[in-house]
Amino acid sequence: MASTAIGLGNCWEPVAVVLVSSGSRGRKLLFYHSGKTRDRVAKVQDVLSALGSILPEILAPSLKLVGQKFELIIDEWKFVGHPYTISALLPGSVNATIVFNVVFVLESYCSQEIVHAYDHLCHLIGSAIIHEELKCNFFSHQAMLIIQLLEETDLSQVNWDKILQESSLAQVLHSVLCSLQDGNKHVMIKINGWTEVNVLMKDPSQIKTTPASISTSISVKIESINQAT
């Protein structure tokens, strides 16, 4: 069981959760959901629509960025995750190195305390996913299931609610998102119904964070991304 307490401030409420992967089949957007309907959810959907198929390219990092905080600012939104790498089982009993990244979308003005909190949350979720992958190829099976569903339609027309219905990993990520959006500061989930992640959100002034001088983030504009593609 992974249990800890982390800090959040005034803009702690996430607007979306994203799951991306990168491997032999390229970079994939495996899951996206904005949770409950609200004005700023519409705004982040506009951002994701503008990014289109580029989203998995910018959120699934290279191997050199694995195992550390991932922070990317695009216009008024901040994407925070903690990428991991696994040796996943692919069809034909072939093992391949895959990078996956659970990312929460926050507002760009969120403090480094809040970024630290979500980095740590993603770190715990990723660790639990790896534990289940080593035990029973959990992520491999979930990724293959989602990819099969994605291949049935164009990315711009994906029914994320259908993936939510079929994938237990998507269901867990969605439950975390909705719990945080409801103001619940005690996130308690089980990955694959077994490995527990227990996170208590508390006052950010009570936790230590990475000094700004050594904290890394990347800030870009949507226009510059579109011009580069």
Side-chain angles (χ1 to χ4, degrees), residues 1-22 29-33 35 44 47 55-56 58-86 98-131 139 169 172-181 184-189 191 195-220:
M1 179 182 74
S3 179
T4 188
I6 56 181
L8 297 171
N10 293 330
C11 67
W12 64 271
E13 199 174 297
V15 294
V17 66
V18 187
L19 175 63
V20 294
S21 69
S22 176
L29 175 59
L30 297 179
F31 183 62
Y32 160 75
H33 214 285
V44 79
V47 172
L55 190 62
I58 61 178
L59 296 185
S62 62
L63 286 173
K64 66 181 181 180
L65 296 179
V66 165
Q68 58 185 296
K69 181 188 73 175
F70 176 91
E71 181 182 359
L72 175 66
I73 301 172
I74 302 177
D75 285 358
E76 72 266 39
W77 305 109
K78 184 174 291 187
F79 298 81
V80 179
H82 197 103
Y84 277 95
T85 182
I86 59 175
I98 292 181
V99 175
F100 73 90
N101 197 10
V102 175
V103 180
F104 285 94
V105 186
L106 310 172
E107 296 183 43
S108 63
Y109 57 82
C110 289
S111 67
Q112 277 301 304
E113 287 87 356
I114 295 172
V115 170
H116 171 82
Y118 276 93
D119 167 48
H120 193 53
L121 174 60
C122 293
H123 165 68
L124 293 176
I125 293 174
S127 295
I129 290 174
I130 287 179
H131 178 82
F139 182 82
L169 178 55
V172 170
L173 297 179
H174 182 260
S175 71
V176 174
L177 173 69
C178 291
S179 179
L180 291 168
Q181 288 180 337
N184 184 0
K185 295 188 176 182
H186 189 187
V187 177
M188 190 162 58
I189 58 172
I191 301 296
T195 302
E196 184 175 298
V197 176
N198 191 344
V199 183
L200 176 63
M201 312 295 193
K202 66 177 185 177
D203 189 336
S205 65
Q206 300 179 29
I207 64 172
K208 296 181 180 180
T209 60
T210 305
S213 60
I214 60 174
S215 178
T216 59
S217 65
I218 301 172
S219 180
V220 297

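Position 1 is the first residue of the sequence, and the numbers go up from there.
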Are any side-chain N or O atoms of [X] and backbone N or O atoms of [Y], one a donor and one an acceptor, separated by less than 3.5 Å?
X      : Y      : value
Asp75  : Trp77  : no
Glu13  : Leu180 : no
Tyr84  : His123 : yes
Ser179 : Ser175 : no

- Report the C-alpha distance between Ile98 and Phe139 in whole Å, list the side-chain angles of each, state the deciding distance to 0.1 Å, and finish with yes or no for side-chain contact (heavy atoms from CB on, under 4.5 Å). CA-CA 10 Å; Ile98 292 181; Phe139 182 82; 4.2 Å; yes
- Message: Is any side-chain heavy atom of Met188 closer than 4.5 Å to one of Leu200?
- Response: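 Not touching, per the 4.5 Å side-chain cut-off.
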- Query: Tell me, do Val103 and Leu72 make a side-chain contact under 4.5 Å, heavy atoms counted?
  - Reply: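 No, every pair of side-chain atoms sits at 4.5 Å or beyond.
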Can you name the closest pair of heavy atoms from [X] and [Y] and give their distance?
X      : Y      : answer
Phe70  : Pro83  : CB-CD, 3.7 Å
Gly81  : Cys122 : CA-SG, 3.8 Å
Ser21  : Leu30  : OG-CD1, 3.7 Å
Ile130 : Thr85  : CD1-O, 4.2 Å
Lys69  : Asp119 : CA-OD1, 3.4 Å
Gln112 : Glu71  : NE2-OE2, 3.2 Å

- Task: Mind running side-chain contact (heavy atoms from CB on, under 4.5 Å) on Val99 and Asn101 for me, showing each step along the way?
- Result: CA-CA 7 Å; Val99 175; Asn101 197 10; 5.6 Å; no
- Query: Can you list the steps and then say if Phe104 with Val176 is a side-chain contact (heavy atoms from CB on, under 4.5 Å)?
  - Reply: CA-CA 10 Å; Phe104 285 94; Val176 174; 3.7 Å; yes
Nearest 0.5 Å, please: how far is [atom2] in [Y] from [atom1] in [X]?
X      : Y      : atom1 : atom2 : result
Phe79  : Ile73  : CZ    : CD1   : 10.5 Å
Phe100 : Ile129 : CZ    : CD1   : 4.5 Å
Leu63  : Ser22  : CG    : OG    : 7.5 Å

- Consider only side-chain N and O atoms of Tyr118 and His82, and report whether a donor and an acceptor are under 3.5 Å apart.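 Tyr118 vs His82: no donor-acceptor pair found between side chains.
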- Task: Indicate the ring-plane relationship of His174 and His33, choosing parallel, tilted or perpendicular according to the 30° and 60° boundaries.
- Result: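 Plane angle over 60°, so perpendicular.
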- Check the pair Ile125, Ile189 against side-chain contact (heavy atoms from CB on, under 4.5 Å), reporting the backbone distance first and the verdict last. CA-CA 9 Å; Ile125 293 174; Ile189 58 172; 4.3 Å; yes
